[in-house]
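Structure first, commentary second.
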Amino acid sequence: MCPRDTLEALLVIPIAPVYVELTAPFLPQPTDPKPSETILALDPTVFRHPVRRDILHLCIVHHRDATRQGSASTKTRGEVAGSGKKIRPQKGSGRARLGDAQSPMLRGGGVAFGPKPRDFSTKLPRKVIDMGMRVALSLKVKENEFGVMSQMQWDLPKTGLLTKRLEELRLSETLFVTGAEQVPDALRLAIRNIPKVTVMPVKELKVFDLLKWRRLVLDTQAVDALEHNLARQPPRATAAAL
C-alpha cells in the first residue's frame with residue numbers, strides 16, 4: 001500500500017453498522033438460518049440516514065405529480081358549436097354589446113382560460129430521489145417497523161393458508177419487497193386478495209410506497225440491491241482531527 005492509500009484509509013471514519021434481527025419467512029426451509037439466532041449487519045449509509053422531511057416532501061410531490069391524469073378539458077369559444085352571427089346590433093338597443101352566442105359571458109358559451117389536457121409531471125434530480133429512499137428506509141428502521149426475511153418463498157397459491165401464516169407472524173399492514181425480478185406467481189396469487197398487505201419487486205419500490213405502508217419487510221436479495229444502488233462512501237476525517 002502506497003503512502004497515499006494509507007492516508008486515505010486513515011481519513012475514513014468508521015461507522016457502526018445497523019443490526020437487525022432476522023424475521024421468520026413465510027415458508028421456512030431446512031437450509032434457512034434460525035431467525036432468533038441471526039443478526040444482520042446493514043449499511044449505515046443506507047439505513048441510518050438523518051431524517052430530512054424536506055427531501056421526503058419533494059419526493060412525494062414529485063410522485064403525485066406524475067400520477068395526475070391531466071385529462072380535464074373545456075371548450076373555448078372557437079370550439080363551441082353554433083352560428084357566428086352577431087346576436088343584436090352594436091348600438092341602439094340600450095343593452096350591453098354582444099358578439100356571437102359562443103361568448104364566455106353567455107350561458108352555453110365557451111370557457112375563458114379553462115383547463116386543457118396537459119402533463120403535470122415534474123423533474124427531480126436522481127440524487128434527491130436516492131436520498132429520499134435512504135431517509136424513508138432509515139425512518140422505518142428508527143420506528144422499529146422494519147424487517148428482513150432470508151427468502152419469500154410460498155409454494156401454494158392459497159390465500160387462506162397465507163393469511164394464517166401472516167397472523168402467526170403478526171405482519172398486518174405490511175409491504176413485502178423481494179429482490180427477485182418478478183414476484184413468484186404462487187405468492188402473488190395468494191397475497192393479492194389479503195387486505196392491507198402487498199408484495200412488489202425492489203425495482204418498483206418508491207419513496208411513496210415506503211411512507212404509505214406502516215411496516216416494511218425485505219428479503220436479503222432486496223437488501224443487497226438497495227445497498228448496491230444507494231450506498232455511499234463513509235465521511236472522511238479532517239486534517240485537524242488527525
Side-chain angles (χ1 to χ4, degrees), residues 18-43 46-47 56 59-60 62-69 71 129 132-230:
V18 178
Y19 295 104
V20 176
E21 184 176 333
L22 201 64
T23 303
F26 299 135
L27 192 64
Q29 301 294 324
T31 58
D32 291 341
K34 294 183 178 180
S36 59
E37 301 177 1
T38 305
I39 302 295
L40 295 179
L42 306 180
D43 191 330
V46 178
F47 295 95
L56 294 178
C59 293
I60 295 301
H62 169 70
H63 172 82
R64 292 176 68 89
D65 285 344
T67 57
R68 293 188 65 175
Q69 289 186 349
S71 58
I129 298 176
M133 291 290 292
R134 288 191 288 268
V135 172
L137 290 169
S138 303
L139 195 59
K140 291 299 180 186
V141 175
K142 184 178 181 180
E143 295 175 348
N144 293 325
E145 299 290 356
F146 178 83
V148 179
M149 291 181 174
S150 58
Q151 44 83 16
M152 289 187 181
Q153 182 178 347
W154 188 256
D155 295 337
L156 298 176
K158 296 294 184 180
T159 301
L161 298 177
L162 184 57
T163 301
K164 293 180 180 179
R165 181 56 177 165
L166 292 176
E167 291 176 353
E168 294 174 359
L169 299 175
R170 297 180 180 179
L171 292 177
S172 60
E173 301 181 28
T174 302
L175 169 63
F176 297 97
V177 180
T178 175
E181 286 294 323
Q182 298 292 336
V183 178
D185 289 337
L187 177 59
R188 177 179 57 83
L189 294 174
I191 205 172
R192 65 180 180 179
N193 288 331
I194 303 178
K196 298 183 180 180
V197 292
T198 191
V199 61
M200 66 171 58
V202 68
K203 63 182 180 181
E204 299 178 6
L205 185 64
K206 295 180 175 57
V207 178
F208 180 83
D209 302 316
L210 295 175
L211 298 183
K212 175 183 176 182
W213 292 90
R214 184 171 67 88
R215 184 182 289 111
L216 173 68
V217 175
L218 312 174
D219 63 6
T220 52
Q221 284 183 291
V223 171
D224 294 339
L226 289 172
E227 290 183 343
H228 179 268
N229 295 329
L230 302 176

Contact summary for M133 and L226, nearest pair of heavy atoms: CE-CD2, 4.2 Å
From CD (Q153) to CD (Q29), nearest 0.5 Å: 4.5 Å
Distance, nearest 0.5 Å, that separates CZ of R215 from CZ of R170: 10.5 Å
V46 and L137: CA distance, side-chain angles, deciding distance, side chain to side chain contact (heavy atoms under 4.5 Å, CB included) verdict: CA-CA 7 Å; V46 178; L137 290 169; 4.0 Å; yes
CG-CD1 distance between L230 and I129, expressed to the nearest 0.5 angstrom: 11.5 Å
Salt bridge (Lys or Arg N to Asp or Glu O under 4.0 Å) evaluation trace for R188 with D185: CA-CA 5 Å; R188 177 179 57 83; D185 289 337; 3.5 Å; yes
Under 3.5 Å: donor-acceptor pair, side chain of T163, backbone of L161: no
Pairs satisfying side chain to side chain donor-acceptor pair (under 3.5 Å), at least one member in residues 220-230, at least two apart: none
Straight-line distance of L210 CG to L216 CG, nearest 0.5 Å: 6.0 Å
Inter-residue atom distance L166.CG - T159.OG1, 0.5 Å rounding: 10.5 Å
Cut-off 3.5 Å, no hydrogens considered: what does the side-chain donor-acceptor table look like for residues 196-207, sequence neighbours left out?
from, atom 1, to, atom 2, distance (Å)
K203, NZ, E181, O, 3.4
K203, NZ, E181, OE1, 3.4

Full working for side chain to side chain contact (heavy atoms under 4.5 Å, CB included) between M152 and V183: CA-CA 9 Å; M152 289 187 181; V183 178; over 6 Å; no
Contact summary for A136 and L211, nearest pair of heavy atoms: CB-CD2, 4.3 Å
CZ/R64: more than 12 non-hydrogen atoms of other groups inside 6.0 Å: no
Minimum heavy-atom distance V18-F47, with the two atoms named: CG2-O, 4.0 Å
Whether F26 and F176 hold their rings parallel, tilted or perpendicular, with breakpoints at 30° and 60°: perpendicular
Salt bridge R165-E168, side-chain N to carboxylate O under 4.0 Å: yes
Separation of L171 CG from I194 CD1 (nearest 0.5 Å): 11.0 Å
With sequence neighbours excluded, residues passing side-chain hydrogen bond (donor to acceptor under 3.5 Å, both in side chains) with D65: T122
Backbone N/O of A186 and side chain of D155: donor-acceptor pair under 3.5 Å: no
Contact summary for P25 and M149, nearest pair of heavy atoms: CA-SD, 3.9 Å
Nearest atoms (heavy-atom pairs only) where L22 meets V148: CD1-O, 3.3 Å
Minimum side-chain heavy-atom gap V223-L42 below 4.5 Å: yes
Residues E145, K140: salt bridge by 4.0 Å N-O rule: no
